[in-house]
Structures are given as C-alpha cells and as structure tokens.
Novice: 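I'd like to ask you about the structure that follows.
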Amino acid sequence: PRLLLVGGVRIEQDNSIVPSSIRDHVLLRDVYLSQESQQAMKTIDTSRYLAIEPLKVGAVAEYLQDTLNRSESDVQGLAELVLEKTSGNMFHLLRYLEVLYGSGHLYFSIQELQWQWEDLATIQDLEEADISAVVEQKIMRLPAMCIDVIKVAACMGARFDLELMQLLLNDWSKYNEQASARRLVVVSDLPLEEILWPAVEDGLLEELGSDPLALSVQYKFSHDKVQLAAYELLGTEQDTYHLVIGRFLKDYYEQYNGASWILIQAADHLCHCSSLLERQSECDEVARVLLLSAQELHAKSAFHSSVVQLRKALSLLGRDGWDREYELTRDVTNLIAESELCAGLTVESAARAKTILKQAKSFDEKQNAYNIWMTSLSTESRVGEAMDIGIQLLRKMRVSYIPKRVGVRHLVLELVRTLRLLKSVSEEDLRNLPVCEDEMIQNYLRILMNTTTYAWPANEILPFLFFTFRCIKISLTKGCSV
C-alpha cells in the first residue's frame, strides 16, 4: 500500500506576514529562502512541486461568459483587458470586477436586460491601485470596533484563535501602557463573534471551527491580500502592535504553560519590534525568549527560522554580551552554530564555533563547538582536517589513551584487547548493552564515532580501524551511546 499526500499553498509576496512555522516548512523552505518566490519556483523539483500558472485569456473569457451571461465574442476584448490589469491572478480579477462595478464602468442595463460595460479605452484609464483600494475600502466600511479587531488580527497572522484574541483585547490597556500603542475602541463586554460578524458577512474573514491544537474557534483572512490591506492600515504603529502582542503571548505562555506555537509566535512578534526596546535589560529578556523559541524550531527541523531568531538575539545582546550575559550568549551562539550547520550554512557555522572556542571559559563548554567545527569541515570535504581536530579533542578529554599518530603497533594492541573483551561477553549481553549514563563518556563516544567516520573518506585506514575497535571497547565497558 502507498500513501499519496497532496497539499496546496499560495506563495506570499510579502514574507514579513508569513509565520516562521510556514516559512520554514520542509516542503516550502526552498521557496521562502529565495529572494524572489517566482524565481525559486523555477528551480524546485517538479516531481514534488506543481506550480499553478496564472489564468490565460481563454480561462478569463470563459469566467466572464459565465458571470456576465454573454457570448465569447462579446467578452473577448474585456477578457484581454482584465488579464492585462490582473496578470491572471484570480483574487485580483474579482477585485478588479468590483472596481469596474463600483465605478459604474460595469453595469446591468435595464433596457437591454443584460450586463454591459463602458468603452475599453475608458476602462483602460482606471488606476491599477484601485484594485487594492477596494479591499481597504471594504475594511473601512466596517464598524469601528470590527476594524480595530481586524487590524490586531492582521498583525497576529493569517489566522487567529478567538479565545486568545479575546484575552489579548481584554489586556490591551495593560500592555498598551508599556508600548504606547493607540487605544482600541473595542468594547470588551460584547461577544467577539458579534464584533467580527460584519467582516465574515463581507467575505473578509472565514470561520474555520475548532482545531485540536488551538484554544477555541479559529478565524482566518479570506486572502492574504485582505490581511496585508488590514496590516497596512496600522501605518507607523505596526512595530508597536507587534510589541504589545509579543509581550502578551510571552506572558500567556509563561503563566499557562502554553503550547510551543504560542512561544514561537511571541518570538516572531518581538523580532519585528526590537527597535522599540529602550533598555538593555529589555533586550536581554527578549533574547531569552528568542532562544527558547529557536530551541523549539530547531527541534522541529525549522533550522532557517531558528537562525533568523538567534541572529536577532545576538544583535540584541550586543558586543558585550559575552561579558554581561555570558551563559545566555554562550547558549545562543552554540544553538545558532548548530542551526546554521543543519541549514547548510557551513561557513557561518564554523565561524560561530571558533567564536565559542575563543570565548568559552572551560574545556567542557568548548566540546560542542569542536564537534560543530569538525562537521563543518567534513561538509566541505576537508575530512582530514576534521579527523585531526577530533584526535586533538579526544587526547584533551583523556578518557582513554589516544596516540598522536596511529601506527601498526597501536592497531594490533587495540585489536587484541578488543577481541579479548568480546570473548568475555555473551551474545545476550551484546544484544542488551546498557546505555551509558555518564554525560562525559557519552560525548566522548560521539566525538570518537565522528572521528572514525572522517578517517575512512580521508583514506586513513589505520586510524579508522583503531577508532572502530576503541568504540567497541568503550561501548562494552561503559555502555553504548544514545
């Protein structure tokens, strides 16, 4: 039996409104990593990705035939004009027809009992900006309370949780005092469903129902262009709103032991508004939140998003971070080195590792950096250098004797000792080897196995066999690595 998974996604033109969890999804990462999403689509493996092209003139004409109940020859000229104005984007097409209808260029003739339109040359003069203005006008026609909620929702993302939104609005004044955001006119004793109903009725929002991972009913914007139009209404207050929402989500996560997605969203918002943080203590606190969020992202293999948040954390900690917040800066630098390595940014990862080796206070704190540096070298086919660093590191750890240069005598002695040890262990014991609980031995085994891995492609046969036997011997005496 086989399982076929088919998914659809619309590539956003404005990545700033795309959450980390979407932007770094394993299926979409290639698209969002590129500066130009359209260019990226051309480079993606077509066996996994099927790009839906913009509508052609024939499809636009067919749609206009059905919508206006006119013949193909009647709508051909209008179809060509609509295609030129909208580039075949269905959402833009619908909005453009609204522009034509609202301006009187498209109308229903009572005398002829059919849909008609003005001369195409007249329609051609309509500003393309009017297409986007239609969405903004629809939003501005909503009640004031609904507009305020819509703007907050646009800042939160493409979808939002009703209960979480209600809690945020209830506490808005508290966080507003800290961030100096504009006072909302939302009346908190009104059910939020009632406040949002006009937007749902106008097709700006859609109710999604409940979600097992959400707190309550979810709403989403009907299109990313609607979200973007509402977001742009915030003007210069965008960063301030992000600060309010980020602080609220951070407190909610800490007080109620919230889900990891709440922490990640809080970090995303705080990344937007770092310029508003006035005191170094505030910057350090946000850096801690970004570290916690990046740990969640890294664990979910969202390495690029982890890198983005950790780079922001390092910039917030500043150049004196190693002196002022040593442990925090050390942990951030360690994780960003790992995330950059996993994201394929090997040069940057190796540079981070060298920084840790320079700044770390103890040898134990440098071990992870050595591992990262070795792996970075191996990805650049510099396996010989990686093996040499591994040998140096193993010698410094002094768990067992490691010669500077493995010779035949070393190999024979190691083979004899390993065989002697194997004879004393039953097959049952081999199948049920305990896991080593000593963290230092665990780390030693990982470095030993990595060094063994580098020795083979480096064509260092004697070290490869020696380290293989040493891995077996330590696993039999100390327990195996996790």
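Please read all numbers here as calculations on a predicted model, not as lab measurements.
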Novice: Parallel, tilted or perpendicular: which one describes the rings of His242 and His269, with boundaries at 30° and 60°?
Specialist: tilted
Novice: Do Asn371 and Gln367 meet the criterion of a side-chain donor-acceptor pair at a distance under 3.5 Å?
Specialist: no
Novice: Under 3.5 Å, side chain of Ser378 to main-chain N/O of Thr375, donor-acceptor pair present?
Specialist: yes
Novice: I'd like to know if the side chain of Ser376 and the backbone of Ile372 have a donor-acceptor N/O pair within less than 3.5 Å.
Specialist: yes
Novice: Between the main-chain N or O of Val289 and the side-chain N or O of Ser293, is there a donor-acceptor pair closer than 3.5 Å?
Specialist: no
Novice: Whether the side chain of Glu282 engages the backbone of Glu278 through a donor-acceptor N/O pair (distance < 3.5 Å, no angle test) should be reported.
Specialist: yes
Novice: In this structure, are over 12 heavy atoms from other groups packed under 6.0 Å from Tyr256 atom OH?
Specialist: no
Novice: With distance as the sole test, does Ser349 use its side chain to make a donor-acceptor pair with the main-chain N or O of Ala337 at under 3.5 Å?
Specialist: yes
Novice: Can you establish whether the number of heavy atoms outside Glu285 located under 6.0 Å from its atom CD is more than 12?
Specialist: yes
Novice: Do Arg352 and Glu348 meet the salt-bridge criterion of a basic N to acidic O distance under 4.0 Å?
Specialist: no
Novice: Mind running salt bridge (charged side-chain N to carboxylate O under 4.0 Å, His left out) on Arg324 and Asp284 for me, showing each step along the way?
Specialist: CA-CA 10 Å; Arg324 194 189 63 261; Asp284 294 344; 2.7 Å; yes
Novice: Return yes if some donor-acceptor pair links the side-chain N/O of Ser306 with the main-chain N/O of Leu297 below 3.5 Å, else return no.
Specialist: no
Novice: Between Glu325 and Arg288, is there a salt bridge with N-O shorter than 4.0 Å?
Specialist: yes
Novice: If we ignore hydrogens and angles and just use 3.5 Å, is the side chain of Gln76 paired with the main-chain N or O of Ala61 as donor and acceptor?
Specialist: no
Novice: So, taking the atom named CG in Asn334 and the one named OG in Ser339, what distance separates them when rounded to the nearest 0.5 Å?
Specialist: 10.5 Å
Novice: Kindly say whether Glu296 contributes a backbone atom to a donor-acceptor pair with the side chain of Ser260 at under 3.5 angstrom?
Specialist: no
Novice: Is a side-chain N or O of Glu340 found less than 3.5 angstrom from the main chain of Leu335, in a donor-acceptor match?
Specialist: no
